[in-house]
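The structure appears below as structure tokens.
Here, residue 1 is the first one in the sequence, and each next residue gets the next number.
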Amino acid sequence: MSTDVIVVGAGPTGLLLAGDLATAGARVTVLEKRPAGLSNLTRAFAVHARSLEVLDARGLADELLPKGQPVRSLQLFQRLTINLADLPSRFQYVLIAPQYEVERLLRRRAEEAGAVFRHDAEVTGLTQDAESVTVTTADGSSLRAEYVVGTDGARSTVRGAVGIPFPGRAVIRSMVLADVRLARKPGDLLTVSAENSSLGFLAPFGDGWYRFIGWHGNRDVSEDEPVDLDEVRSIARATLKDDFGMHDPRFLSRFHADERQAPTYRKGRVLLAGDAAHVHSPAGGLGMNTGMQDAANLGWKLAAALRLPDGAGAAVLDSYEAERHPVGKQVLRASGGILRVATLPGPLFAAVRRSVIGVVSHVAPVRRRAALTVSALGVAYRGQRGAHPLVGTRARDLPLEGGSRLAEALRAGRFVLVAPAGVPTPDLPGALGEVDPAERVVARRADGGVTALLVRPDGYVAAARAQ
């Protein structure tokens, strides 16, 4: 083999996955068609609480926080507030930070762990057999690995090469995207609004530049039609009630948003993650976050599959799709629901919008569920019949003896056995993908809890028992 795993695409999903695999000792090569030093287009600004926990378990969250600004409540449709200040997490907010800051940290971690990067490496073909996958690139070279993961976006070459379909449709067309400077700062850090069947979103890069994404419901033109600043200002005034004196644009573009999901995330030794597996509208800021959480789920399983016999390795990889495909479907529904509530025209849908806002605003369980959905803290995986109720749920960042936290113990990239204080170390059963129980990190609870937990490398409970 030239390498153990080839990751195609160096966006946030691919970078997190490469770092996890390299940390686990796998040989990883990342193929990226962009030249070295050419930054990816930043479309994502929202780093939600669960993604911050994922970064915390890799020692990166505290470094990202100064690069962004926290928002403790989300204002939607002018009248709906989703409060994040009560989230059951260390991160009780959404962090507004540009995608390139997330990528910078993830890239550095992957490189330090030993991942190899090849730029100007556009994948043109892929073949696989029972033992390996061979990838060819535009320069005529080839690379062979045990597994390939496509994290190469909505137009994934990897997905197409193995014949996995990508059913769905465009849900919103002729959206405009602009990087501008402002003469007047908006009152809120994150400005998002829906008016007159139109959408407007404004967020800061943090260096004086702002990203505006907008859509006018009555304008459906070709994506090839140029965008000018007057059109951007017009949409901003229609939705945000102010264009904030937008000037000096450095980037103007037009794009569309699809809702699509691959019916399977794996074909043989080839897997998909992030936008290669699912895409949706930008409503809710869920795209980059869902992709990174895909990678966190897949990384430790793929590392285990490299060390397990074929049959056991296949079972571990099957669990990736079993757990993450339903999450992808849920994200499409959530993002699509926000979009439709915001944009559907007419008095009937205006009444529906008012009704939804009223329910979410005034019914506490619904309001809490909305916060858990947007933040992804509510994601849980189905446990086996008869399993402890905590199995498959996200483990809270428990305080541990010695002054540390569970997130810090997870930075080793291994299973963590968290035992109650003052009792013998319990012998919890091994979990899917755990290669050697002797490699577990053992820690003691410092919160007085009496339940022993076996926590997977991605922060979810694999086994639990009251002591």
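Between Q92 and S89, the shortest heavy-atom distance links the atoms CG-O, 3.2 Å. Among all heavy-atom pairs drawn from K67 and P98, the shortest one is O-CD, 4.4 Å. Of all heavy-atom pairs between P263 and P165, the closest is CD-O, 3.3 Å.
Note on E323 versus K301: salt bridge recorded, some NZ/NE/NH1/NH2 to OD/OE distance being below 4.0 Å. With respect to E111 and R104, no salt bridge is recorded, no charged nitrogen being found less than 4.0 Å from a carboxylate O. A salt bridge links R109 with D20; the closest basic N to acidic carboxylate O contact falls under 4.0 Å. By the 4.0 Å N-to-carboxylate-O rule, D243 lies close enough to R237 to be salt-bridged with it. By the 4.0 Å N-to-carboxylate-O rule, R108 lies close enough to E63 to be salt-bridged with it. Between D258 and R169, none of the side-chain N atoms (NZ, or NE/NH1/NH2) sits under 4.0 Å from a carboxylate O, so this pair counts as no salt bridge. Under a 4.0 Å N-O distance rule, the pair D56/R90 qualifies as a salt bridge.
Seen from the ring of F205, R250 counts as a face-on cation partner, given the 6.0 Å and 45° thresholds. In this structure, R269 satisfies the cation-pi test against Y147, with its NZ or CZ atom closer than 6.0 Å to the six-membered ring centre and inside 45 degrees of the ring normal. The cationic group of R159 lies under 6.0 Å from the six-membered ring centre of F166 and within 45° of the ring axis, placing it in a cation-pi geometry.
Put simply, the side chain of T23 gets close to the backbone of G19: a donor and an acceptor are under 3.5 Å apart. Under the 3.5 Å distance criterion, the side-chain polar atoms of H256 are left unmatched by any main-chain donor or acceptor of A170. No donor-acceptor pair under 3.5 Å is formed between the side chain of E103 and the backbone N or O of Q99. W215 contributes no side-chain N or O that, together with a main-chain N or O of S174, makes up a donor-acceptor pair within less than 3.5 Å. For the pair E259 (side chain) and V171 (backbone), a donor-acceptor distance under 3.5 Å is absent. Side-chain atoms of D179 do not come within 3.5 Å of backbone N or O of R211 as any donor-acceptor pair.
A perpendicular orientation is assigned to the rings of Y93 and F91, their planes being inclined by more than 60° (bins at 30° and 60°).
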In sequence, state the C-alpha distance, the side-chain angles, and the governing distance for D242 and R184, and then conclude on side chain to side chain contact (heavy atoms under 4.5 Å, CB included). CA-CA 9 Å; D242 194 346; R184 302 178 298 279; 2.7 Å; yes
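Looking at heavy atoms from C-beta onward, H278 lies out of side-chain contact with V327 at the 4.5 angstrom threshold.
Residue pairs satisfying the salt bridge (Lys or Arg N to Asp or Glu O under 4.0 Å) criterion with at least one member in residues 289-299, sequence neighbours excluded, are listed as follows: D294-R324.
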